[in-house]
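Inspection log for the structure reproduced underneath, given as structure tokens.
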Amino acid sequence: MKPDHGGAMRKPIRTKTALCLLSVLMLAGCTGARELGDLSVVIGMGLDASAEYPDGVLLTAQIVRPSEMKGGSSEGSAGDQDGQPQPSRAYWNIQATGETVLDALRECTHETNNRLYLAHNQLIVVGKDAAKAGIGRHFDAFLRHNEPRPSTVLLVSATRASDILDVQPELDKLPAMAVTKLTKTQEFTSQSKAVNIIDYANAMLSKTTSLVIPIATVSEGESGEKTVSIHGSVGAVFKGDRMVGELSESEFRGYLWASGGIRRTVLNIGYRGGRVGIDVVQAGSDIEVSLVNGKVLARVKVKQEGRISDNGTNVAVATEWDFRDLEALESEYIRSEIMDTFNKARDMNTDIYGFGEMVSKKYPSEWEGMKDRWDEMFGSLQLEVSVESKLRSSGLVIYPIRP
Amino acid sequence: MFRVIRRIHRKRRTSGGDETAGGSEKKAAPALSGGLKENLELFRGILGSSTDIVITEFNFGREKKAKGALLYVDGLSNKELLDNTVLKPLLFDECFIAGREVSDLEAIGQSLIAASGVKKKTDVSDIVGDMLSGNAIVLIDSFAEALSVENKKWETRGVEQPVTENVVRGPRDGFTETIRTNTALLRRHLKNPGLRIETFKIGRQAKTDVVVAYVKDLVMPGLVDEIKKRLQRIDTDAVLESGYIEAFIEDAPYSIFRTVNDSEKPDCVAGRLLEGRAAIFVDGTPFVLTVPMLFLENFVTVEDYYQRPYYSTYMRFLRFLCYLLAVFSPAIYVALTTFHQELIPTKLLFTMAAGVAGVPFPAVLEAGIMILTFDILSEAGIRLPSTVGSAITIVGALVIGQASVSAGLAGPFMVIIIAITAVASFVIPALTASSSLLRYFFLILAALMGGFGIAMGLMIVLVHLISLRSFGVPYLSPFAPLNVSDLKDTFVRAPHWAMTMRPRVLGFLNRRRQKSGLRPSPPGARK
């Protein structure tokens with residue numbers, strides 16, 4: 001075997017060609033280069049109805065001040081009403097109006113020294129008035145533009161979006177990050193569920209499904225400090241892109257039971273003279289739709305598993321028949337929650353569960369004739385709910401430690 | 001445009017062609033004559049009157065009538081041995097009669113001189129070469145030949161632990177500057193009758209001994225012939241170090257990657273010879289070359305084979321990771337912060353942005369300055385005498401670390417990146433040189449085109465690596481071309497009982513290394 005001589009210098013013409021091609025690539029230059037110091041990182045945005053442009057938007061963008069992020073106190077000064085940026089604040093809310101969202105974003109450059117950078121935007125809050133007027137035309141930018149991420153969390157504000165972004169949180173430096181985390185933390189009670197742009201897009205693409213977006217409220221405490229919470233009226237129901245109704249905490253949970261969105265929650269069941277607290281660890285639902293006599297029948301099977309975490313009675317509830325009784329009570333409780341929510345949804349004529357999509361998948365040929373009449377068909381939809389509850393343990397203690 | 005460049009090329013090539021190295025005309029070759037005095041004059045003429053060249057004339061034989069002379073270089077010869085084994089027997093001899101018919105000087109060498117390694121030489125340049133290598137030359141009147149006696153002894157560094165290759169476990173002997181010691185050390189580690197040692201003398205102004213060592217039944221066929229061919233092509237002033245040889249025989253002189261490996265440890269060289277390679281020793285340097293070389297050898301140390309396989313495997317992964325870190329860290333940092341800020345986790349982005357708040361340079365300049373500063377400090381650290389070494393480490397830590405950040409020359413993040421890069425680049429000493437250069441290459445590409453630039457640069461380097469061959473063996477074996485059975489000694493180090501075959505590209509003459517089924521087990525578990 002003769003050893004081979006490899007190497008670039010065998011054909012000089014090839015090297016020259018390669019060099020020429022390489023230098024052409026260098027002509028591309030540094031386009032798209034942005035230094036870290038030239039970024040105005042936006043972490044939260046708020047959309048409100050604008051007085052100036054009836055179809056337009058009043059945009060509030062929360063920009064981060066990186067120098068204030070490290071160190072400094074995390075408590076902002078409370079009660080600063082006129083929005084003057086205080087030295088200890090790690091953010092700056094800038095507002096601008098425009099006919100479209102993009103227009104408003106560019107308007108912001110009249111006040112800042114850098115162009116806004118949206119790639120790290122965590123949150124989009126929509127004011128209630130703007131939500132009721134329709135959000136479809138505003139959200140197109142967030143899907144079309146390359147910078148915003150599809151995982152951005154959506155929220156509706158009980159008042160104006162800018163109010164939510166103005167509240168200095170107790171444990172975080174940036175309101176937008178705190179509120180985003182707040183939205184995601186709701187999964188521990190499952191009375192609300194975080195929604196992002198992808199869910200929004202899926203809901204909008206479907207002609208029948210209604211989206212439910214959590215509502216955040218600004219509440220004022222005793223000494224005047226403001227906090228953002230998701231409480232009371234927690235769900236905004238949309239028909240198309242307009243907000244048409246609200247769900248309370250239990251109604252939102254009823255919706256989540258049926259659609260399988262429960263992560264963890266707590267059930268308080270009255271039993272034997274006290275209340276037993278059950279920690280639901282796992283829950284899921286199976287929905288089956290069928291057409292019966294031209295009407296839609298939806299069977300929802302909910303399965304959940306929990307454990308007793310709080311025994312408020314003075315008897316041990318760890319026996320087999322206690323468990324069976326509790327399970328039956330749980331199932332009834334969940335069933336009634338689901339039915340209550342369904343009735344409300346039917347009254348509002350909003351298909352929040354996505355039954356329409358399921359019918360269209362299962363009966364594609366019949367769907368052609370039904371899809372324009374879905375509103376009416378949803379009104380006459382029959383729901384059969386069956387709940388299977390399981391209790392797995394009674395925790396670390398069997399007998400309640402009581403006198 | 002190319003035509004113009006080509007014309008200039010051609011002109012340059014023809015004009016510089018007549019200057020060859022040396023350029024000496026042929027002189028009439030000097031020869032020995034039968035007269036002692038003339039021969040001594042000849043040698044004095046060639047060597048001059050250097051005071052370390054000793055010419056001793058003596059009389060010996062019956063009635064001390066025969067005349068002889070002893071020539072050697074003081075400092076290179078073992079004077080004691082010389083006196084005892086050459087001078088003494090000659091001086092004590094009573095039988096030799098001058099002028100008597102003794103056909104051959106060799107007879108004297110075989111019967112009178114009490115030394116081994118006596119050779120008869122007639123070529124003057126050969127004799128002079130021998131003398132300068134330490135041999136002693138015996139000239140006897142009326143003979144036109146000389147006897148060259150092997151008699152070398154000089155001050156040399158003892159066999160000690162090699163400086164550049166530290167091992168925790170394993171033999172600590174390292175090659176020295178004397179080629180004979182080195183070949184002896186190799187033979188100590190590789191007692192194989194098939195181990196061949198072939199010597200060449202290379203160099204015009206200074207003939208340096210160069211030895212090619214290989215194991216006859218294991219070496220890649222054709223390799224030794226190719227090496228000899230390339231060595232004989234060398235026509236230079238002097239070969240002062242194995243690096244000179246490397247430069248003249250390597251396959252890709254324009255590449256930044258080495259295609260010839262070196263080592264200071266005899267057990268390392270022995271291991272490589274057993275895989276089918278050949279070794280090249282150069283007199284005067286402890287660095288022994290081994291060819292062919294695979295890219296993989298940069299990540300392999302001989303200690304891997306002495307430690308347990310799990311640890312060695314982990315170390316191999318670590319070395320590979322460190323190489324990636326050393327080459328790509330600054331480039332990735334610059335690419336991410338300049339072009340792809342969306343890839344950085346949100347909280348980290350704020351910290352980074354806060355860090356570069358006071359820095360007036362763009363990220364690429366920041367990185368370039370810091371890399372340069374670090375390279376300056378590390379180079380200075382090598383050259384410094386040990387007495388001021390500690391001062392420089394303090395300055396280095398302060399300068400690069402604290403002061404740059406406080407002065408606003410660089411952000412704290414950049415300092416960390418450069419620190420990681422620097423430390424990682426020393427994990428693989430073989431690749432420190434090439435990684436320093438590649439780092440700049442990728443940095444510039446990243447600054448121009450972000451992640452796309454890095455990908456392009458990576459493609460260029462990969463294509464180059466794949467096209468490299470070292471003495472006919474593809475550089476990226478066993479990855480490209482893929483050789484699954486050889487992968488057992490790349491990122492993982494298979495236990496010794498599993499390595500039954502030699503690497504296919506190198507050892508195909510004799511593939512089987514050991515018996516299969518050699519995995520150890522306690523007596524109860526065996527069938």
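Predicted model, so just to flag it, every value in this text is computed and none were measured.
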Practice task
Identify the residue among L349(B), L336(B), T338(B) that makes a side chain to side chain contact (heavy atoms under 4.5 Å, CB included) with L36(A).
Solution key: L349(B)
Practice task
Measure the spacing between CG of L174(A) and NZ of K347(B) and express it to the nearest 0.5 Å.
Solution key: 9.0 Å
Exercise for the section: May I ask you to name which of R149(A), E35(A), H120(A) has the most heavy-atom pairs under 4.5 Å with chain B? Expected result: H120(A)
Practice task
Please assess F350(B) against I43(A) for the test side-chain contact (heavy atoms from CB on, under 4.5 Å), listing each intermediate value before the final yes or no.
Solution key: CA-CA 11 Å; F350(B) 304 147; I43(A) 42 149; 3.6 Å; yes
Problem - Under 3.5 Å donor-acceptor, Q341(B) side chain and Y117(A) backbone - result: no
Completion exercise
Honestly, the part of P345(B) sitting under 4.5 Å from a heavy atom of chain A is backbone
Problem - Per-residue contact mode, A353(B) against chain A (heavy atom under 4.5 angstrom) - result: both
Fill in the blank from the handout: Pair count under 4.5 Å, heavy atoms only, with chain A: among V356(B), T346(B), V359(B), highest is T346(B)
Handout entry: Flag if over 12 foreign heavy atoms under 6.0 Å of CD, Q402(B)
Key = no
Problem - R196(B) CZ: over 12 foreign heavy atoms closer than 6.0 Å - result: yes
Exercise for the section: Check each atom of E147(A) against the heavy atoms of chain B and say whether the ones under 4.5 Å are side chain, backbone, both or neither. Expected result: neither
